[in-house]
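What follows is a short report on a single structure.
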Amino acid sequence: MSKRNHNHGKMKLTPAVDLDIVIPVRNQFDYLKKCLDALPEACVGLKYMVYIVDNDSEKESRDAFYHTLDLRQNVVAIFDQNVGFPGACNYGMNMGRSKDVLFLNSDCFMSPGSIAIMVSKLHSDQSIGIVGPKLVFP
């Protein structure tokens, strides 16, 4: 998770959310569902928006999954070719407006409160510009 610099123009935008979460994905919708299902408890107390960037997933399963997705809190961008992980991250980051961005792999299932703690740490000290979780493999 990192802080974004919005001071590049004269007008300062006020973000509608505390955190933008960018999730690049290519197929593996079972992981993505688990990842998304964990976010409300992981982000307790935060307003957030999820930006899913689809890197040319298989059309039939992609359409079926996104048809069931709540689009009030999730924005989906679909590419008809694989633009790669960095390209998907950059595209997703540019869709958001929050000053804070979390890049999250679709196979990461965040623990309750974990993202809220990272945001708190990021804001607790102005010298901190980036934070990340500890990965735990059961």
Side-chain angles (χ1 to χ4, degrees):
M1 178 180 320
S2 63
K3 295 178 182 176
R4 182 186 347 226
N5 182 357
H6 276 295
N7 296 329
H8 48 59
K10 292 182 181 180
M11 186 174 82
K12 187 175 180 180
L13 294 174
T14 304
V17 296
D18 301 317
L19 179 66
D20 291 329
I21 301 173
V22 176
I23 306 175
V25 66
R26 186 159 195 258
N27 300 312
Q28 300 190 347
F29 294 108
D30 52 338
Y31 286 137
L32 180 57
K33 179 169 181 5
K34 290 179 186 176
C35 176
L36 294 172
D37 287 348
L39 289 179
E41 287 188 32
C43 294
V44 66
L46 296 174
K47 293 185 291 182
Y48 64 94
M49 183 63 86
V50 177
Y51 297 91
I52 300 167
V53 183
D54 191 296
N55 257 332
D56 191 30
S57 293
E58 190 275 326
K59 185 177 178 4
E60 187 174 311
S61 58
R62 172 185 78 194
D63 292 348
F65 180 80
Y66 294 136
H67 180 72
T68 65
L69 198 61
D70 180 356
L71 296 179
R72 291 172 293 176
Q73 195 156 15
N74 300 286
V75 176
V76 179
I78 298 173
F79 286 100
D80 290 330
Q81 63 181 10
N82 189 337
V83 297
F85 186 80
C89 287
N90 286 335
Y91 190 87
M93 182 186 72
N94 287 322
M95 288 194 302
R97 289 186 34 188
S98 173
K99 68 178 182 162
D100 298 325
V101 182
L102 171 63
F103 296 99
L104 190 60
N105 287 2
S106 62
D107 62 351
C108 289
F109 318 128
M110 302 302 290
S111 298
S114 59
I115 294 174
I117 291 169
M118 287 193 300
V119 170
S120 173
K121 294 294 182 190
L122 190 65
H123 292 184
S124 68
D125 182 341
Q126 290 300 316
S127 68
I128 297 173
I130 190 168
V131 296
K134 177 180 180 179
L135 299 177
V136 178
F137 298 96

From [atom1] ([X]) to [atom2] ([Y]), nearest 0.5 Å:
X	Y	atom1	atom2	answer
Ile52	Tyr66	CD1	OH	5.5 Å
Leu39	Ser114	CG	OG	8.5 Å
Leu46	Ser120	CG	OG	9.5 Å
Thr68	Asp63	OG1	CG	11.0 Å
Leu36	Leu69	CG	CG	6.0 Å
Asn55	Arg62	CG	CZ	11.0 Å

Under 3.5 Å, which donor-acceptor pairs link side chains of residues 71-79 to any protein atom two or more places apart or in another chain?
from	atom 1	to	atom 2	distance (Å)
Arg72	NE	Asp70	OD1	3.0
Arg72	NH2	Asp70	OD2	3.0
Gln73	NE2	Tyr48	O	3.0
Asn74	ND2	Asp70	O	2.8

Can you list, pair by pair, the side-chain donor-acceptor contacts under 3.5 Å of residues 103-110, counting residues two or more places apart and other chains?
none

Could you go through Cys43 and Ile21, starting from their C-alpha distance and side-chain angles, then the distance that decides it, and tell me whether this counts as side-chain contact (heavy atoms from CB on, under 4.5 Å)?
CA-CA 10 Å; Cys43 294; Ile21 301 173; 3.9 Å; yes
Return the orientation label for the Phe65 and Phe29 ring planes: parallel under 30°, perpendicular over 60°, tilted otherwise.
parallel
Could you tell me if the side chain of Ser98 sits less than 4.5 Å from the side chain of Met49, heavy atoms only?
no
Side-chain contact test, heavy atoms from C-beta onward, threshold under 4.5 Å: evaluate it for Asp100 versus His123 and give yes or no.
yes
Between Ser127 and Asp125, is there a side-chain donor-acceptor contact under 3.5 Å, judged purely by atom types and distance?
yes
Check the pair Met118, Ile115 against side-chain contact (heavy atoms from CB on, under 4.5 Å), reporting the backbone distance first and the verdict last.
CA-CA 5 Å; Met118 287 193 300; Ile115 294 174; 4.1 Å; yes
For the backbone of [Y] and the side chain of [X], can you confirm whether one donor and one acceptor N or O come within less than 3.5 Å of each other?
X	Y	value
Asn27	Ser57	no
Gln28	Tyr31	no
Asp20	Val101	no

Connected via hydrophobic side-chain network under 4.5 Å: Ile128 and Leu19
yes
Nearest heavy-atom contact between Ile130 and Leu122 is N-CD1, 3.8 Å
May I have the step-by-step check of ring pair (Phe, Tyr, Trp, His ring centres under 6.0 Å) for Tyr91 and Tyr51, ending in yes or no?
CA-CA 9 Å; Tyr91 190 87; Tyr51 297 91; 9.8 Å; no
Is it the case that more than 12 heavy atoms not belonging to Glu41 sit under 6.0 Å from its CD atom?
no
